[in-house]
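Report on one structure; see the data block that follows.
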Amino acid sequence: RFFGTEVFGLYTLGLVVLRITELVARLGLDSGAMRFISMSRKDNAGKVKGILISASFISFINGILIGGVIYLFAGFVSESIFHKPALTDIIKTFALCVPFIATMTVTATASQGFHTTKYAVYIKDIIQPSANIALVILFVQLGYGISWVVNAFAISHVIALLAGFYFIANQFPEIREKTIKPMYETKRLLSYSAPLLLTGMLYLVIAWTDTFMLGYMKTSTDVGIYRAASQVPMFLTLLLGASNSIYAPAVA
């Protein structure tokens, strides 16, 4: 709305790169943490504590590593894949978000393992988007450029991540008790979670291939127009998303 279709197209392509990177950084730990917490929440506080710590730590460290690689190769991705040198700085800024987005998603989904969806909704669907919108409006009114819009996206995920830690501590007060030793089952958690990365990749193929291919073959303006139009029908998926968020922990 404020920067025009070309800049929005560049922002969208940076978001595509971010979504792929963040998915790899998560390693499916969001679904794995939800499953194992749901199984152990009533009778083994040590296991739950170990799952929460290991899932958050692994996703954050992996996010730093994967985000660092994308930061270093931002120029290559922008010029060799998308043929848009102006995209480099946007990808670099998005790369700094990776550890926070990955860990926030893991934390929010893990909270569903306690058989409630409200905290995940607070984190992912209320706090993060609200903070993002507020910061974008603030930075635009201050006259800042598109890099600060990307920064707003990053800061909103940091805020949501901190809120996630707060909600987890409320749901599971034992995480603060030093007398309860965490029981780590990292190998078991990863062996279950990592294959789910394939499922996430298939979802990305469905959700982002059109945008990716437009970025490769057409201009940033074309990407911006297409992305804006394609978001309108997404409102139809609201009911499906609401029912799935309730159904998943029950199945686990």
Side-chain angles (χ1 to χ4, degrees), residues 1-26 28 30 63 66-102 104-105 124-125 128-129 132-133 135-137 139-140 144-157 196-241 244:
R1 173 66 180 86
F2 292 107
F3 294 98
T5 51
E6 181 179 1
V7 175
F8 180 56
L10 292 172
Y11 178 91
T12 298
L13 292 175
L15 200 59
V16 172
V17 176
L18 173 68
R19 291 305 181 194
I20 296 172
T21 309
E22 178 263 334
L23 176 66
V24 176
R26 268 191 279 138
D30 48 334
I66 302 295
V69 171
I70 292 299
Y71 186 92
L72 293 175
F73 286 91
F76 173 81
V77 173
S78 301
E79 297 176 22
S80 299
I81 297 178
F82 294 115
H83 317 296
K84 297 170 180 61
L87 183 59
T88 302
D89 289 339
I90 291 177
I91 291 179
K92 284 185 174 181
T93 309
F94 269 128
L96 302 176
C97 311
V98 175
F100 303 104
I101 297 176
M104 184 217 74
T105 304
K124 294 193 295 184
D125 300 327
Q128 187 275 319
N132 189 32
I133 291 171
L135 289 169
V136 166
I137 292 173
F139 293 152
V140 167
Y144 295 161
I146 187 62
S147 62
W148 278 93
V149 174
V150 181
N151 285 334
F153 187 83
I155 295 169
S156 69
H157 279 87
L196 297 176
L197 183 60
L198 177 61
T199 304
M201 282 295 183
L202 291 174
Y203 171 78
L204 277 180
V205 168
I206 295 171
W208 290 97
T209 296
D210 47 1
T211 304
F212 187 94
M213 293 306 295
L214 273 176
Y216 175 75
M217 295 188 294
K218 302 295 253 178
T219 66
S220 301
T221 300
D222 293 326
V223 174
I225 294 172
Y226 178 83
R227 181 65 180 170
S230 66
Q231 293 308 286
V232 177
M234 294 299 290
F235 288 107
L236 299 176
T237 66
L238 287 174
L239 290 177
L240 177 65
N244 282 352

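Side-chain atoms are counted along with the backbone in the values below, which use heavy atoms only and exclude waters and symmetry mates.
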Non-hydrogen atoms of [X] and [Y] that approach each other most closely:
X      : Y      : result
Ser156 : Leu135 : N-CD1, 4.2 Å
Val98  : Glu22  : CG1-CA, 4.2 Å
Thr21  : Gly67  : CG2-N, 4.3 Å
Pro233 : Ala229 : CD-O, 3.5 Å
Ala25  : Gly63  : CB-CA, 3.6 Å
Thr93  : Ser147 : CG2-O, 4.1 Å

Do [X] and [Y] make a side-chain contact, defined as non-hydrogen atoms from C-beta onward lying under 4.5 Å apart?
X     : Y      : answer
Ile81 : Phe212 : yes
Val17 : Trp208 : no
Leu72 : Val69  : no

Atom [atom1] of [X] and atom [atom2] of [Y]: how far apart are they, to the nearest 0.5 Å?
X      : Y      : atom1 : atom2 : value
Phe8   : Leu13  : CZ    : CG    : 10.0 Å
Phe100 : Thr105 : CZ    : OG1   : 13.0 Å
Leu198 : Leu23  : CG    : CG    : 10.0 Å
Asn151 : Trp148 : CG    : CH2   : 5.5 Å
Leu15  : Ile90  : CG    : CD1   : 10.5 Å
Ile225 : Lys218 : CD1   : NZ    : 11.0 Å

Problem set entry | Derivation of the side chain to side chain donor-acceptor pair (under 3.5 Å) call for Glu6 and Thr221 | CA-CA 4 Å; Glu6 181 179 1; Thr221 300; 4.6 Å; no
Exercise. Between the main-chain N or O of Gly75 and the side-chain N or O of Ser78, is there a donor-acceptor pair closer than 3.5 Å?
Worked result: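 No.
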For this session: Classify the ring geometry between Tyr11 and Phe153 as parallel (under 30°), tilted (30 to 60°) or perpendicular (over 60°).
Result: perpendicular
Exercise. Arg19 and Ile101: side chain to side chain contact (heavy atoms under 4.5 Å, CB included), yes or no, with the steps?
Worked result: CA-CA 9 Å; Arg19 291 305 181 194; Ile101 297 176; 4.2 Å; yes
Problem set entry | Phe3 CZ: over 12 foreign heavy atoms closer than 6.0 Å |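 Count over threshold, so yes.
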Exercise. What's the verdict on side chain to side chain contact (heavy atoms under 4.5 Å, CB included) for Thr219 and Asp222, showing C-alpha distance, side-chain angles and the deciding distance?
Worked result: CA-CA 5 Å; Thr219 66; Asp222 293 326; 3.1 Å; yes
Exercise. Taking the six-membered ring for Trp, are Phe2 and Tyr144 ring centroids under 6.0 Å apart?
Worked result: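 So the answer is no for these two rings.
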For this session: Determine, step by step, whether Met201 and Val24 satisfy the side chain to side chain contact (heavy atoms under 4.5 Å, CB included) criterion, reporting the C-alpha distance in whole Å, the side-chain angles of both residues, the deciding distance to 0.1 Å, and the verdict.
Result: CA-CA 9 Å; Met201 282 295 183; Val24 176; 3.5 Å; yes
Problem set entry | Test log, rule side chain to side chain contact (heavy atoms under 4.5 Å, CB included), inputs Ile146 and Val149 | CA-CA 5 Å; Ile146 187 62; Val149 174; 3.9 Å; yes
For this session: Determine the sole option in Thr5, Thr12, Asp210 for which the side-chain contact (heavy atoms from CB on, under 4.5 Å) test with Arg227 is passed.
Result: Thr12
